Structure formats: C-alpha cells, structure tokens
Amino acid sequence: MKVTLISPYDDVTAFGVRSLSSFLRENGHDTRVILLPPRHGSPERRSREYDDRVLSDVVSLCEGSGMVGISLMTNYLSHAVKLTEVIRKKLDVPIVWGGIHPTIRPEESLDYADWICVGDGEDPLLEFVNTLEQGGDVSQTPSFWHKSNGEIQRNPLAPLRRELDEFPAPDYSFEDHYVAMGTSVQPLTVEIMSRFLFEASSHRHHGGIDYLTMTGRGCPHCCTYCMNDKMRTLYKGQKFFRWRSVQHLIRELEFAKEKMPFIGGILLSDDTFLGRPVAQIREFCKEYKEKIGLPFFCYCSPITSTEEKLGLMVDAGLTEVHMGVESGSPRIQQVFKREKMGNDCVLEAMKVINKFKDRLLPPGYDFITDVPYQTREDGIDNLKLIAEIPKPYRVKPFSLVMFPGTEIHDMAMMDGFIIDDRSEVYEKDFDDLQHNYLNLLLVLTRGGNFPSWLIKLLIRKPVVAALDSQCMKWLIELSFFSLRQFIRATHLFMRLGKLRHVKAPVAVEAG
Ligand code: SF4
C-alpha cells in the first residue's frame with residue numbers, strides 16, 4: 001500500500017516523517033514523502049501560506065495513496081488544517097495526524113483529522129497500515145483515536161520500544177521524495193536538499209552544510225515548559241529516555257556522508273548528548289574520528305558537561321556547543337523546575353567549556369525571557385549572570401512559548417496569563433521578544449562583546465528604573481526597530497553571499 005507522509009516543517013530534515021517512512025518501507029510498504037516548508041522563499045516568513053499551486057500539487061501527489069499522514073507541532077496547526085481541507089475536498093483517503101500536537105491536543109486535532117496517533121508512531125502506524133491494507137478493522141489500533149458517531153474512541157497507548165536500534169535510520173533515499181519550492185512541488189534531489197540546508201542558518205555551524213540527526217529520545221530532566229515532561233507522564237512506568245547505540249548512529253552518518261557528499265559537518269540535535277555515560281562518549285568519539293571525521297556540533301546541559309566528556313568530544317572534532325541556561329534567577333529556575341541547574345552549576349559548566357575556547361567556536365547559551373511570572377528583578381538576574389560568563393560566548397534569548405500540555409501552560413492558564421491559546425500560544429514565535437529595556441539588553445549581549453562592566457552599570461537599579469519606564473518606551477521601540485533593520489540587512493547580505501556558493505554541491509553531485 002502506498003502511504004504518503006507530509007511534513008509542513010520549515011526544516012526539510014523532517015526527522016519524524018523520514019523515520020516513519022524508513023520503518024514502513026522496511027516493513028514492505030511504499031511511501032511517498034512530501035516536505036512543505038511554508039516559509040521557503042518568503043521574506044515575511046511568519047505569514048507565509050501555501051500557494052494554491054503547491055496545494056494542488058500536493059493533492060495530485062496524494063492520489064492513489066491508501067493513507068495520508070501529516071506530522072505536526074503546535075505552531076504548524078494552521079498549515080496542517082489547510083492541507084487536510086484541500087486533500088479531503090478532492091480525495092477519499094484516511095488522513096492521520098501524528099506528532100506532538102495531536103499527542104497533547106488529541107480532541108482538538110480530531111476536529112480536522114480522521115485519525116490521530118498519540119505518542120511514538122512507528123509500531124501503531126505499521127499496525128494501522130497493515131490492517132488497512134488487508135481490509136481489516138482499524139478502529140482498535142493501539143495509540144490511534146478517532147470519532148465514531150460523534151464520540152471520540154480513545155485506544156490505549158502501544159507500549160514503547162525499548163531499543164531504538166530496532167528502528168532503521170531516517171529515509172534519505174531520495175526516492176519518491178518531494179519538496180515545495182516557490183510555487184510548486186518538485187522531486188527532491190540531493191542538490192536541492194543541499195540548497196535548502198545551505199539556506200537554513202540552523203544547519204550552518206561549521207561554515208559548511210550540516211547534517212542533522214537525533215541520537216536518542218526523551219530527556220532525564222523535567223522542565224515545566226518542555227514537551228519531554230508531558231511525554232514522560234504519558235508513558236509513566238516505561239523507559240522513556242532512550243539512546244541509539246553508537247554503532248547504529250555511525251552507520252547512519254556513514255550512509256548520509258556517502259549519499260550527500262556536500263555535508264561538511266554533523267549536528268547532533270539531542271537536547272543533551274553529553275547525558276550519555278562516559279564509556280559511550282568514548283566509544284562514539286573513537287568511532288566518529290575513524291569513520292566520519294567531520295566537525296560536529298552538540299547541545300549540552302550544565303549537569304553533564306564534564307571536562308572528561310568535553311575533552312573527548314573536542315578531540316573527536318566537536319567545534320561548537322549550545323547550552324540551555326534559561327534563567328539566571330533562582331525564582332524562575334524554580335518555576336521552570338531547574339533548581340538543580342542553578343547559577344553555580346551553570347557557571348561551573350561554562351568554565352569547563354571555556355577551557356576549550358581555543359578549539360571551540362564561541363559557545364551559545366540560551367535564555368528564556370517573557371515569563372509571565374518574571375519580575376524586573378528576575379530580568380536583572382539574567383543579565384547579572386551574563387556579566388559573569390567567561391568570554392567568548394554568544395547569548396540566544398527566546399521568548400517563552402507555553403505549549404499546551406506543558407506544566408507551565410496549565411499554571412499560566414489557571415493564573416489567567418493565557419486567555420486565548422490560538423493567538424497567544426499557537427501563533428507565537430519564540431523569536432518575538434517583548435519590547436522592553438531588559439530584553440533590549442539581552443539582545444545586545446548576543447554576540448558576547450558587550451563589556452561586563454557596562455552590563456553591570458546598565459542593570460543598576462536607578463538606570464533600570466529610568467530606562468524601563470513608560471516615558472522611555474519610544475526609545476526602546478526605536479532601538480528594537482533599528483536592530484531589526486540591521487539584522488534584516490545582515491541576513492540579506494549573508495543570503496546573497498550564500499547563493500554564490502549554491503553551485504558547489506551540484507558539482508559534487510555531478511562528480
Ligand atoms: S533539559 Fe531540555 S529537553 Fe530536557 S526537559 Fe529540560 S528543556 Fe526539555
């Protein structure tokens with residue numbers, strides 16, 4: 001049976017959809033993968049909607065499928081709704097939604113989709129497709145929910161697979177893969193893939209193009225704003241935090257390197273790769289150095305960033321790390337349930353990272369702002385911590401998005417901080433910081449060049465009181481406006497520079 005899997009995400013890596021595609025193919029089904037990055041080619045990225053021609057191409061590509069699956073996160077809901085509507089209008093095919101949004105908002109998702117799959121999708125989806133192909137009754141498929149006579153039928157969750165190695169690596173076959181480009185959907189080739197990755201700043205950590213992968217599922221921590229916490233609750237009593245073996249991962253990277261010779265680096269996008277035991281890190285580093293040998297990037301957490309692990313990784317080619325600091329305020333750390341990763345722990349990890357400054361690019365430190373429980377004091381605490389960070393560094397501030405299903409979302413709902421999910425959560429972009437004085441300072445510290453003494457001066461209480469006031473609002477707005485223009489001009493400049501490079505992967509492919 002042909003199964004069409006659609007990803008509306010901006011990142012054409014689409015790890016989830018590619019993993020499902022591999023798994024279904026391994027089990028004897030044909031799959032077609034359609035990648036629909038809505039923002040591609042649009043200067044006003046957020047407002048980007050699919051072109052009518054793209055939608056009609058999608059419908060044509062879904063013809064003849066026994067099932068259409070759409071994977072979605074909350075902030076892609078409107079795209080999934082649109083796709084579902086146009087496919088349903090033209091084709092009589094079951095439409096299944098999977099991914100994080102249907103998992104946390106199943107009832108709402110069933111207002112649009114015929115079926116939803118809750119939680120990990122591989123095994124339930126295979127059972128659904130097998131049953132459908134044999135003409136059996138799919139209504140009892142574990143993890144699948146649907147509406148029957150207006151009533152929601154909620155099937156129990158399928159058990160989690162303990163061994164991630166039992167799943168194949170994501171599908172990079174480039175066979176029957178399509179991607180939206182401009183106003184049409186075209187077959188995805190290695191060359192087009194290189195172009196997409198080249199243009200995505202998230203894939204450009206080493207001056208070349210990065211291949212992104214995930215080496216595990218879950219996380220040992222339980223931050224109140226994170227979906228991992230919700231997923232762990234969903235699978236209570238089961239082993240939710242799982243790693244792929246080093247051998248499994250290296251095989252994937254070897255394949256990717258061979259298939260896509262343009263790859264210049266590897267991006268390990270697990271939330272905390274260094275959470276692996278040191279013996280595994282050692283094994284990975286040895287294998288990676290021998291068989292892959294490309295510069296690589298990983299995320300780390302303050303708790304697991306030890307000198308021994310980082311030393312091994314740097315020696316194997318690690319060139320950049322990102323760490324979630326999230327808040328410098330002990331009060332907000334409590335709200336986030338990150339007390340174990342308090343300022344002492346964070347600064348200790350930063351010192352360890354700084355020991356490798358001659359061999360690493362400046363590390364990135366993430367901070368979350370616009371927390372409804374945050375006072376001016378808490379905002380000042382963020383900047384106090386930043387003033388203590390050993391240089392070089394970069395700061396990445398994010399505006400808190402309280403996704404449904406997270407603990408902080410429920411708290412904020414109860415406390416009246418969220419009235420309308422759609423406008424205040426679903427459509428919110430974590431890059432859209434509130435325009436206030438302390439956020440402006442956060443943005444100005446991004447490059448890590450702001451002198452610590454100046455930060456300390458600018459967060460003194462009388463200065464903050466004067467500049468964070470209503471009568472200075474115009475100055476703050478003007479500063480944000482100027483910064484935005486500057487960033488746009490820089491992006492445009494970089495984009496023009498990048499486009500000059502785009503031909504390189506073509507030559508590689510032809511060779
Ligand atoms: S450490 Fe990161 S991935 Fe883990 S729960 Fe916290 S935010 Fe989520």
Side-chain angles (χ1 to χ4, degrees), residues 11 15-16 73-75 99-101 103-104 119-120 160 164 202 212-236 238-244 267-277 281 297-306 309-310 320-350 352-353 363-371 373-374 382 385 395-412 425 428 430-431:
D11 190 344
F15 191 85
M73 296 186 286
T74 301
N75 41 348
I100 199 72
H101 190 74
T103 298
I104 52 162
D120 273 21
L160 280 181
L164 295 182
S202 55
L212 178 152
T213 192
M214 296 191 72
T215 78
R217 294 187 193 182
C219 171
H221 307 301
C222 48
C223 308
T224 53
Y225 52 84
C226 180
M227 289 304 169
N228 269 309
D229 190 38
K230 167 77 182 173
M231 294 295 283
R232 190 188 297 99
T233 316
L234 198 68
Y235 287 108
K236 206 168 176 190
Q238 297 187 55
K239 191 170 184 279
F240 172 62
F241 182 33
R242 297 151 291 162
W243 293 117
R244 292 165 60 194
L267 203 164
L268 303 174
S269 72
D270 302 85
D271 295 293
T272 169
F273 185 83
L274 292 180
R276 286 177 183 255
I281 300 274
F297 166 105
C298 79
Y299 292 94
C300 58
S301 94
I303 292 180
T304 53
S305 304
T306 65
K309 288 179 181 177
L310 272 166
E320 193 179 348
V321 290
H322 255 243
M323 187 167 83
V325 176
E326 318 311 3
S327 179
S329 152
R331 223 179 53 80
I332 298 298
Q333 285 158 9
Q334 261 184 4
V335 172
F336 287 166
K337 285 199 182 155
R338 286 177 65 98
E339 302 95 320
K340 280 192 200 151
M341 292 173 265
N343 292 357
D344 289 348
C345 171
V346 162
L347 283 168
E348 200 46 50
M350 288 168 169
V352 170
I353 294 170
Y365 297 126
D366 297 344
F367 279 77
I368 297 178
T369 182
D370 302 338
V371 184
Y373 301 93
Q374 181 177 314
N382 281 338
L385 179 60
V395 164
K396 177 83 181 106
F398 291 99
S399 184
L400 176 67
V401 181
M402 294 178 283
F403 285 109
T406 59
E407 196 177 327
I408 205 162
H409 174 272
D410 296 347
M411 259 163 67
V425 179
K428 185 170 175 188
F430 49 66
D431 279 333

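If you read the sequence from its start, that first residue is 1, and numbering goes on from there. All of these numbers come straight from a predicted model, not from anything done at the bench. For ligands, and for the atoms within them, numbers begin at 1 and follow the listed sequence.
Residues satisfying the side chain to side chain contact (heavy atoms under 4.5 Å, CB included) criterion with Tyr235, sequence neighbours excluded, are Asp120, Leu157, Leu160, Met231, Gln238, Phe240. For the side chain to side chain donor-acceptor pair (under 3.5 Å) test, residues two or more places apart in sequence or in another chain that qualify with Lys337 are Glu407.
Here the closest non-hydrogen pair linking Val352 and Thr306 is CG1-C, 3.8 Å.
If you take CD1 on Ile303 and OG1 on Thr272, they are separated by 8.5 Å, rounding to the nearest 0.5 Å.
Here 1 is the count of protein N, O or S atoms positioned under 2.8 Å from atom 8 (Fe) of ligand 1, waters not counted.
A centroid separation of 6.0 Å or more is found between the aromatic rings of Phe403 and His101.
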Donor-acceptor list for residues 342-349 side chains, cut-off 3.5 Å, not counting sequence neighbours:
unit_1: Asn343; atom_1: OD1; unit_2: Gln333; atom_2: NE2; d: 2.7
unit_1: Asn343; atom_1: ND2; unit_2: Gly328; atom_2: O; d: 2.9

